[in-house]
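Below: the structure, in structure tokens.
Numbering of residues begins at 1 and proceeds along the displayed sequence. In listed order, ligands and their atoms are each counted from 1.
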Amino acid sequence: MLRLFRTHQVRREEELTEQLWEMRIPRENGENVCMQVLLPGCVQNIPGFENYRGRASFETEFTARGGRIRIVCKGVSHTARVYVDGQEIGGHYNAYTPFALWAGRLTPGKHRLRIDADNGWSDRSALHVPNDYESYLGVIRPVSVEETGDVLIEYLHLTPGKRDGSWFVDAETIIRNLGEEPFRGSVTLSIGGNHRKEIRLAGAESLTVRWPGLAVPDAQEWSPEDPRLTMAAAVVYDAEGRPVDDLTERFGLRQVEIRGGEILLNGRPIKIRGFCRHEDDPQFGCAMPVSAMARDLALIRDLGGNSVRAVHYPNDERFLDLCDETGMLVWEENHARGLSEEQMRNPCFEPQAEECIREMIREHYNHPCIYIWGILNECAGDTEYGMECYARQLELVRSLDASRPRSFASCQWMKERCFGLADVVAFNMYPRWYIDRPVRDYLEELYAWIRKAGGEGKPFLITETGAGALYGFRSPRHEKWSEEYQREALEEQLTAVLGFEGCNGVYIWQFADCRVCGEWFATRPRTMNNKGIVDEYRRPKLSYETVRRILKGE
Ligand code: ADA
């Protein structure tokens, strides 16, 4: 399943995943391990390959009908090279963003697709580094083959707004002519009614078509309490009126504004009661099926959560689709966690982090659940060079989407230099875990400093707080790592933050225990980050009921 709704009626699209592929893993002795695997999937979930780092190739067959073939990969971890009939058609870096590659016009009939994936560490990989979550190996999200004519719609972005109490939409679509011949025809956009424009494109030309300020008849507002979605479809017709390509998108009529230290959604202040969540599951790795995503969302809702912080990378679109449908607010961020200045000075870092921002915003622009864009979690915002990177990336975000606020989660206690650059200031704090200090005291000192350090008058979020607990470790002494300790730490942390004047909410670190890279942190028991409110199998720890009671205000 590529999305939770159908995006094309005209363009031919065939999903190639949810079926068996041939997998080959090269061994040191020069032989290959071959087996059939169902994709999406992670190599680390195959018995015997739990700690595998290296390469694997995945091969399947698809049918062409004579059009232009485009291979769409929603996520390959972490570096991909793609081949059609043995010819390389391109590659991509970063597990968590989609990409599309053209294979040209293929003769009608069967063709072979091969995806080579690599999850190894090297200087060419600045974002995937040994870290506090696993960088899996595999085709981790769906793959499809699309067939188009010469002219196609690249994307359709919908930006809702309100004027004199009525909703309108600014729509923008990019149409591309891949052929050499000029194209004459029209494009229609339907949101409620139909809007039509004549178009002309020279050979190999792209055209941006805009519909500013379109009124929305029978507008249905999207809100967390009543998440009503609106469909929009663009169709390109040739001069004879035959449809040549189309794209259906889904969005929500809602507005996010920052005013007077508040984050307003449709004019009303929001208070975040959220969870940080990695895409991770003991059975599926990061290649989670929709059913497992929906299970997580149901648990987060049951816990009283109204928001997910998608750490530390752009999430699967189907998860965002579910959040749109259930009214779950999302903080989404580009891929980066805890990079030092030295790591940020890797020549690959800026191009890779910026490309991730471009892909994330281009692909996820229409999701009403995303209320804020984040960048660079806990990177070197305390240095001159780090600050330049934060400034450039926040500027890039603004240039791609002026309709959402921007932020980053800092951990640079008394050293952060970038708060002045963000619309919302955010801090990850662990009093009672890494720092033995009463939470209220810590928070007062933190907030007093943040206001002086560029945060005055801005909304303020605690983007992480929590404590570790090993599932099943109950102890009358309530020491660290026991479920009792976690429950008490969270009670103090959440009570302090939610009752703190000037704080707009909290994200608990974290929803579920997740796997970490074996190469990274020897001090993580079980090579897991154990700060979940549920363990990796989603079994509740003692803290579950306490967190639920506090978040629900009971
Ligand atoms: C950080 C980081 C998380 C996680 C957490 C922890 O704040 O952002 O990815 O590593 O700490 O568990 O220590």
Side-chain angles (χ1 to χ4, degrees), residues 95-96 127-136 272 274-280 286 307-315 331-340 343-344 353 356 372 374-382 386 390 407-416 418 422 425-437 439 442-443 446 450 461-471 480-481 485-486 489-490 493-494 497 506-536 541 543 547:
Y96 310 112
L127 310 179
H128 286 272
V129 294
N131 221 325
D132 205 4
Y133 54 95
E134 179 59 287
S135 277
Y136 287 96
I272 295 296
F275 290 84
C276 295
R277 175 183 174 272
H278 270 294
E279 293 181 317
D280 196 57
C286 64
S307 184
V308 170
R309 178 170 169 234
V311 288
H312 296 298
Y313 37 76
N315 271 210
W331 160 309
E332 186 162 67
E333 60 194 30
N334 72 337
H335 181 202
R337 180 204 166 274
L339 302 179
S340 63
Q343 288 172 309
M344 291 169 82
C356 181
I372 193 167
I375 61 161
L376 305 181
N377 172 74
E378 295 193 350
C379 294
D382 57 333
Y390 273 84
S407 191
F408 62 89
S410 170
C411 67
Q412 306 291 355
W413 175 254
M414 301 293 153
K415 288 190 302 197
E416 180 60 60
C418 302
V425 289
F427 204 82
N428 298 341
M429 63 162 215
Y430 288 89
R432 289 292 183 218
W433 184 250
Y434 295 123
I435 294 155
D436 231 342
R437 206 176 147 183
V439 181
Y442 177 97
L443 201 50
L446 173 72
I450 283 185
L461 290 173
I462 292 299
T463 27
E464 290 181 27
T465 196
L470 297 169
Y471 179 84
K480 278 189 170 172
W481 299 111
Y485 186 92
Q486 185 196 42
L490 272 159
Q493 291 161 340
L494 295 180
V497 177
V506 63
Y507 287 97
I508 294 171
W509 184 273
Q510 60 176 336
F511 165 61
D513 290 350
C514 74
R515 195 175 149 165
V516 311
C517 291
E519 301 92 330
W520 181 68
F521 208 3
T523 57
R524 288 270 184 265
R526 313 188 303 134
T527 24
M528 303 284 291
N529 185 308
N530 295 292
K531 298 189 189 72
I533 306 306
V534 297
D535 78 347
E536 64 273 31
K541 299 183 190 172
S543 58
V547 166

Query raised in the report: So, does Tyr430 sit close enough to ligand 1 that a heavy atom of it is under 4.0 Å from the ligand?
Result: yes
Requested in this report: Taking the six-membered ring for Trp and the full ring for Phe, Tyr or His, determine whether the centres of Tyr442 and Trp413 are under 6.0 Å apart.
Outcome: yes
Query raised in the report: Purely on distance, is any nitrogen or oxygen of Glu464 under 3.5 Å from one on ligand 1?
Result: yes
Query - His278 near ligand 1 by a heavy-atom separation under 4.0 Å - result: no
Query raised in the report: Considering only protein heavy atoms, which is closest to atom 13 (O) of ligand 1, and at what distance to one decimal place?
Result: Tyr434 OH, 2.5 Å
Query raised in the report: Below 6.0 angstrom between ring centroids: does that apply to His278 and Tyr313?
Result: yes
Report summary line: The residue among Arg526, Arg277, Arg524 that forms salt bridge (charged side-chain N to carboxylate O under 4.0 Å, His left out) with Asp513 is Arg526
Query raised in the report: So, Tyr96 versus His128, ring centres under 6.0 angstrom or not?
Result: yes
Query raised in the report: What is the closest protein heavy atom to atom 7 (O) of ligand 1, and at what distance does it sit?
Result: Glu378 OE2, 2.4 Å
Query raised in the report: Quick one: does ligand 1 sit under 4.0 Å from the side chain of Arg337, the backbone, both or neither, non-hydrogen atoms only?
Result: side chain
Query - Heavy atom of the protein closest to atom 12 (O) of ligand 1 (residue, atom name, distance) - result: Lys531 NZ, 2.5 Å
Query - Close approach, His312 and ligand 1, non-hydrogen under 4.0 angstrom - result: yes
